[in-house]
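Down below is the structure, laid out as structure tokens.
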Amino acid sequence: MGTVLLREARTLAYGCYLLAVLAVLAALGFGLTHHTNRADVCLLLGLVAALVGFGLLLRGRLLNGQLSASLLLCYAPFALLWLLALASPLTSWHNILFGDWGLLIWLGLLAFVGPALVLAVRLGRQLRLAPVLAGLRQYWAIAVLLAAFVLLSLETLTMWVNVDSLSYLNATQTALAFNFSLEFPDLLRLCGHHSYVAILWYMIGGYLTPNSAAGLRLVNLVLVASSVLCVYQMLLHFCRGIEKADTDRWLSLPTRCALLTALYAFNPLVLGPLYLLNLDVLTMVFAAWTALAFLKRNNVLLTASSLALVFSKEVGLVMLLGLLLFSLAAKLLARRKPASAQSWRAEIIMALVLAAAAVINLCAPSWAEIATPAPGFNIFTLNALNIVEKLKQLYLLDFSWLLTLVILAGGGAWLWQRRKRAKRDDRDSDSLCQGKLGSDGLALLGMYLAVVVFNLTFLTWSHPRYIQPHLPLFCVAASLALAWLGSAQFTPKAAITTGALFIAPIRATLPAAVLAVLLLAQTFITFDPVTLAAFRQVSIGQTELVTTAKFLYLNEQLDTDPDQASHLELVDAVAYNRQAGYQGGALEAFLKDIDYNSTTLVLVDPIYDYEGNTNLTYIALLGGRNSEQDTYYYDPQSGQISYLPNGEPFNVEVVYPKSVIEISNYPQYQRIYYLSAPWRNSFQQWQPVANLPILEAGTSTYRGWELEYRRLK
């Protein structure tokens, strides 16, 4: 009898949570169609249903450790957001007590903050120091990796707002006007995308540091660090299949997996763009969450992560669809008799999430917003140049060609050994691809193929950040191939056949360490010879920054038609490499060297040697979006440029090689400097000052960037 009641309580609780999710999605739909009252009623219904569901879990004593931890991960962001919103200066306590949203506010406190506190207390009571210390001893390697990842990323918190980051900062500032209802759901979108979950995370950062990008970047850092943990857990999930192999016995399995995780954590497309704020980073994170939740069959987290994924960017919806279809195919191929409904729960959840995303898109289509502004661009089509560029980005960029070779070698070796095993019918031989890599591996393959096909068929700007969502599964595949190559027992003939003669004897440890070091170095300085040969080069002084800026606009190259250049696309193309962010540091180093103040004027070279487009230089140099219309300030104490009225106004003007500088035109300035930024060597010209007396000449350097300057007054 008790078991039946327990099962009924669990069913009712899960039913309430399902109702809560559907009610909130319906509220979004009504809000987008401007049915305000219906949206508020649905939101109230969702909060009540969630509160009742949590009460049933408590009443039925169903909160075990795993479920409590999963629910806390879901509740905590919303609880924190609610509390920060209450404490925000944007919130009026008069409206809280007497306004239209008072009921929603207090019900939100009960539905979000209350359960989060209960779950935190329950987990705290279950926490014991001895198991924690034992876990740290066992998993010390991943703790060290995460610490290194955070330390390498700390300076990104203080970087200035850069390129598309400014758009997301502005969108977050707008969303902070959220009035605890869904009367204006468009506030909860980012740059045209249905990014409702992503904006909730960014709003937390916005409340933590109002009018600053530091809080948003802190959210970026926390979320990307969580994706590193997801990759580690996926490797543990799969690599247990090779535990019996005679490989690296001097290192434990968690330590080996942590070393392999470095291939993801130190990837330049993961560690490098953390200072950028955009949905590609978050889509990559949500994809890692969804893949891990699917592998662990954690339906609570699968629901939350799937919603985050489909409401990030359009590619997220495609990835979840690929995961669902290939998961269904794997089960249909593997099962010979009808399965219970419970075993299909993950697929049912993903199908419901996709259906909800379809309804929201019908209410306010986002697919229409990526429609082409001109014929032949931003469309789904097969274009040979686009496919070649995307394949280069996916599998060559930043030592990715080495990871690609590892995957090909591992796949070839596995196929060869599987063929040999089939001949001798050796079913007991150890193989990573037995068991755990069966249906799970096929499902994740579908998720990965979805993002690859999307990139190859959607003709748009060739931003390296657009391929970020493929990285978690790509790095997992490379890590597993490396681990399998290091564990397999090859004969000399087989080693030569598979190309594993060097890898097999020394196992996976040394190759993984070497690859991790190469990837980490590539994050700070470009020296990969294949990348240098495959992509266009931009001089940055002592070294070279490589881009993939073959922008496709009606199949024309940027180099042959610079008028088609957009300041956003040009600068964002180099943003994948961490060194691209150092141009700001170089400018600030120059200002410090000359002891800049408000009576100083800085004249700079343009990026392109043609008249009429100063936006490119302003955007690249200062990270703004409105060029000379932006107002910048320099704080001599912090040594940083910002958009906030802190410190001295930053006086800057772009001049062209054909221009003639007249010192008499600037009587209000006591000092004038002419700066030649190393955008490209061919454009570093000094003609405007050729006939002027030079009072001082010098060079400011910062991590490879060289800024030459001349003092004219």
Any residue meeting side chain to side chain donor-acceptor pair (under 3.5 Å) with [X], in chain and number order, not counting sequence neighbours:
X: Thr457; answer: none
X: Ser400; answer: none
X: Ser195; answer: none

Contacts of type salt bridge (charged side-chain N to carboxylate O under 4.0 Å, His left out), residue Lys313, not counting sequence neighbours: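 Applying salt bridge (charged side-chain N to carboxylate O under 4.0 Å, His left out) to Lys313 gives Asp280.
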
Inter-residue atom distance Leu482.CG - Leu263.CG, 0.5 Å rounding: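 It is 7.0 Å, given to the nearest 0.5 Å.
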
CG-CD distance between Leu274 and Glu155, expressed to the nearest 0.5 angstrom: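 Output value for this atom pair is 11.0 Å.
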
How about [X] and [Y]: do any of their side-chain heavy atoms sit closer than 4.5 Å?
X: Leu236; Y: Tyr139; result: yes
X: Phe294; Y: Asp440; result: yes
X: Tyr232; Y: Leu260; result: no
X: Val453; Y: Tyr448; result: no
X: Ile387; Y: Leu382; result: yes
X: Leu154; Y: Leu151; result: yes
X: Ser227; Y: Val224; result: yes
X: Tyr466; Y: Gln393; result: no

Pair Asn455-His470, side chain to side chain contact (heavy atoms under 4.5 Å, CB included): steps then yes or no: CA-CA 10 Å; Asn455 272 277; His470 101 109; 5.8 Å; no

Partner of Leu323 by side chain to side chain contact (heavy atoms under 4.5 Å, CB included), out of Val318, Thr290, Leu309, Leu445: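 Result: among Val318, Thr290, Leu309, Leu445, Thr290 is the only option passing the side chain to side chain contact (heavy atoms under 4.5 Å, CB included) with Leu323.
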
Ile142 and its side chain to side chain contact (heavy atoms under 4.5 Å, CB included) partner, picked from Leu229, Thr255, Leu259, Leu235: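 Going through the options one by one, the only one that passes is Leu229.
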
Over all heavy atoms of both residues, which pair between [X] and [Y] is shortest? Give the atoms and the distance, please.
X: Tyr709; Y: Ser700; answer: CE2-OG, 3.7 Å
X: Ala287; Y: Pro469; answer: CB-O, 4.3 Å
X: Thr261; Y: Cys257; answer: OG1-O, 2.6 Å
X: Asp398; Y: Pro268; answer: OD2-CB, 3.3 Å

Donor on one side chain, acceptor on other, Trp201 and Asn220, under 3.5 Å: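 Judged by distance alone, the side chains do not pair up.
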
Listed partners of Tyr395 passing ring pair (Phe, Tyr, Trp, His ring centres under 6.0 Å), at least two apart: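 Scan of Tyr395 (ring pair (Phe, Tyr, Trp, His ring centres under 6.0 Å), adjacent residues dropped) gives Phe474.
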
For Leu73, side chain to side chain contact (heavy atoms under 4.5 Å, CB included) partners two or more places apart: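 Leu73: side chain to side chain contact (heavy atoms under 4.5 Å, CB included) contacts with Leu301.
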
